[in-house]
Protein chains: 2
Amino acid sequence: MEKGTKRTTIYDLAKLADASPSAVSSVLNGTWEKRRISKKLAARVMKIAEEQGYAVNVQASLLRRERSNIVGMIVPKYDNRYFGEIAEQFEVMARAKGFFPVVTCTQRDPELEFEAAKELISYQAECLISTGATDPDRISAFCSASGVQSINLDLPGKNAPSVISDNYSAAKDLTKLILDRCEEELSWSGPLRFVGGRLADHNTAARLEGFLSEHSDRGIAVPDSYIMATGYSAGKAATALDSLRPDEPTGLFVNSTISLEGVVRWYSQLHSGAELVRYGCFDWDPFGTFLPGNVGMVEQDVTMMLNKAFEVIGKVDAPTEPILVPCRLRAFPINLEI
Amino acid sequence: MEKGTKRTTIYDLAKLADASPSAVSSVLNGTWEKRRISKKLAARVMKIAEEQGYAVNVQASLLRRERSNIVGMIVPKYDNRYFGEIAEQFEVMARAKGFFPVVTCTQRDPELEFEAAKELISYQAECLISTGATDPDRISAFCSASGVQSINLDLPGKNAPSVISDNYSAAKDLTKLILDRCEEELSWSGPLRFVGGRLADHNTAARLEGFLSEHSDRGIAVPDSYIMATGYSAGKAATALDSLRPDEPTGLFVNSTISLEGVVRWYSQLHSGAELVRYGCFDWDPFGTFLPGNVGMVEQDVTMMLNKAFEVIGKVDAPTEPILVPCRLRAFPINLEI
DNA sequence: CAATGATGCACAATCGATGGAGCAAATTGC
DNA sequence: GCAATTTGCTCCATCGATTGTGCATCATTG
């Protein structure tokens, strides 16, 4: 059982089983029947392998087979449910399809993203999914130079197939919900403020478009100062709102759960006027339902997005136009106690 | 730039640079000065490698070097902040130490956990950290049979060094906080109910001990029916509480954020009596602060735990006694508006 | 000018698993 | 009883990178 320092190899097993390494190999990888190894020897090898705690050296095996089965995924953060769910479901689906999933988290750091991508390619990943990458095109360029397929998730890129949420429509729907609820509950008709995110990001831009489109459909002008896309962090959102002391109805379109943290922090420190505030959030968190003033959240359809992404894996004629996946809008019941 | 189907190898580069594969190899892995390769050749090789989008075949490299630099981590779920933070920080710290982190999520499924562990060992992982594994001992047994170091995080095991939170003390502190706040705000002195988790789990057991100890210090008896450790899921917690309609003060010790979801769901559906409920939660979520009735949460010290775990990596004389890491208790301000 | 040392590189074995080719022994057919 | 077939294995080249060894070539010294 004990193996001192070196790991057991098929050569060790071969000696113990009094067989050849190739026989041992074929027993362990399941090709032994094809290779006409007797049941008796197969059983003996299996038993010894188990006793020795043998595990294939995938490095050697893949080197020889020239296939890795690795699909890599790059994810920016695990600090919200969205990316957590993506990582989790990705792993489940990849395993179900016989792949070996490797997920790595790159902190929204462009350099780290690129390094991680290179590393995954070094591990012979057969496909790389960049989720919410800051610079997806750089990654897909490197992938294509190395002959590796790459797919963009959650952010579109030019050089690789992309699967993204339909940010525009969902943002428009959410805007509509918040405005409707402001009408109903506060008899007030906007305009809303747009909080969080970065305008340079595709997703924020698309959501802002939906936000503005709904306003313009209603003939409501949105002052520039109402667009507070100051970045992705709770602190920044809270700071941006700091000076806002609602003495009249106020509505917020919150662009991510991380910004929502800032909004709620601001909200809970209000000494008065909280009852005049309504908001909705693009992205979902289970505790969102219970936050006072929250009228609804957008939940992105992770399962569908990943399904679409997996459909593209291995395909040569992958579409260049982004594949849009609709979101679910979750409207929360009217809370009369605010 | 284009490479058709096969990836570029050092042999391709050697031909292009009119040099030997070994020279190319040493240029690319930085040993060229030691091996007295001229600057001129080195520069030429580097340039060509870049042009060709070359990435080492780690499989081949590791096979030869017999070191992988891989540290594997098994995590049950990404559905709460705790494990998300662990995964994220683990990756950061591993990279900082020159390791290649591979994190995999095993859905609290014992079989999947074991399979994932075997897979990581097949990839020649040099160390495997099992976080919150359902059966850590099985994993560490396999690891030790294969000569791979294993470390338990968040759950203690017998056969490998373990780093865990000081569940007992933190639970006792949290119990104290909830009881104190019940006294202050409701002039009521318990006993509290214990909601969520599984008694068979070490962590739940340790927390229950702290919970009971604080009660017994105060001379308060806890009826058996108040221990509602019905599992890890929001639905189960909500169901367990279903029949509870508080017409008198009620206090809850909630054993995880996932159970907290159930508690809050129950809480928000109460038509009356909500103002009589106080609860606290073991585990932290940023939205917890804003939930009415929540008096405080325990935040586990992820950074310290991982530091301790990394200290153990590579050590032969690792301690067999679990290393206990204190938690932070976050008490929330009294909310007068409930 | 021969001996010595430094410089710059190539050769070939090696890591562990795989699979095509091939060979001896056992079995079958007539 | 001998050829033909089947069974049950072994041998060996191979994947790509690494590294100890060795061999020219050039510079230096006395």
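In what follows, every chain begins at residue 1, and chains take the letters A, B, ... in the order their sequences are listed.
With sequence neighbours excluded, the residues that form a side-chain contact (heavy atoms from CB on, under 4.5 Å) with A:Ala94 are A:Val71, A:Phe99, A:Pro101, A:Phe310.
Proximity of B:Tyr78 to B:Asn80: side-chain heavy atoms (C-beta onward) are nowhere separated by under 4.5 Å. With a 4.5 Å cut-off on side-chain heavy atoms, A:Gln124 and A:Leu62 do not count as touching.
The distance from atom CD of A:Gln124 to atom P of C:dA17 is 18 Å, rounded to the nearest whole Å. For the pair B:Leu63 CG and C:dG16 C1', the interatomic distance rounds to 5 Å; values are reported in whole Å. Rounded to whole Å, the distance from CG on B:Leu28 to P on D:dT19 is 13 Å. The distance from atom CD of B:Gln59 to atom C1' of D:dT14 is 16 Å, rounded to the nearest whole Å. One atom, CG of B:Leu62, and another, P of D:dA17, lie 12 Å apart when rounded to the nearest Å. A straight line from CD1 of B:Ile10 to P of C:dC11 spans 13 Å, rounded to a whole angstrom. Taking atom CZ of residue B:Arg67 and atom P of nucleotide C:dG16, one finds them 16 Å apart after rounding to whole Å. For the pair A:Tyr123 OH and D:dA17 C1', the interatomic distance rounds to 14 Å; values are reported in whole Å.
Contact annotation: A:Ser22 does not reach the phosphate of C:dG19 (side-chain N/O to OP1 or OP2, under 4.0 Å). A close approach under 4.0 Å does not occur between any side-chain nitrogen or oxygen of A:Asn29 and OP1 or OP2 of C:dA17. Considering only side-chain N and O atoms, B:Tyr54 lies under 4.0 angstrom from the phosphate OP1 or OP2 of D:dA17.
In this model, a side-chain donor or acceptor of B:Arg64 finds a partner on the base of C:dT14 within 3.5 Å. For B:Thr9 and D:dC15, a side-chain-to-base donor-acceptor distance below 3.5 Å is absent, hydrogens and geometry of angles not being considered.
Between A:Phe142 and A:Phe114, the two ring planes are perpendicular [angle over 60°; tilted spans 30° to 60°].
Using modelled atom types and a 3.5 Å distance limit, the side chains of A:Gln89 and A:Thr303 yield a donor-acceptor pair. Donor-acceptor pairing under 3.5 Å is recorded for the side chains of B:Thr104 and A:Glu91. Side-chain contact, B:Gln59 with A:Ser68: no donor N or O sits under 3.5 Å from an acceptor N or O.
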Pull out every protein N or O sitting under 3.5 Å from an N or O of nucleotides 7-9 of chain C, one pair per line with the distance.
| from | atom 1 | to | atom 2 | distance (Å) |
| --- | --- | --- | --- | --- |
| C:dG8 | N7 | B:Arg36 | NE | 3.2 |
| C:dG8 | N7 | B:Arg36 | NH2 | 3.3 |
| C:dG8 | O6 | B:Arg36 | NH2 | 2.9 |
| C:dC9 | OP1 | B:Ser38 | OG | 3.3 |
| C:dC9 | OP2 | B:Ser38 | N | 2.4 |
| C:dC9 | OP2 | B:Ser38 | OG | 2.7 |

Please tabulate, one pair per line, each protein N/O and nucleotide N/O from nucleotides 24-27 of chain D that are separated by under 3.5 Å, including the distance.
none

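When the options A:Ile129, A:Ile139, A:Val148, A:Leu128 are evaluated for a side chain to side chain contact (heavy atoms under 4.5 Å, CB included) with A:Leu120, the one that passes is A:Leu128.
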Item to complete: Please lay out, stage by stage, how B:Arg81 and B:Glu88 fare under the test salt bridge (Lys or Arg N to Asp or Glu O under 4.0 Å).
Response: CA-CA 10 Å; B:Arg81 292 302 184 94; B:Glu88 223 180 291; over 6 Å; no

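For A:Tyr11, counting side-chain heavy atoms from C-beta on, the closest listed nucleotide (D:dG16, C:dA17, D:dT18) is C:dA17.
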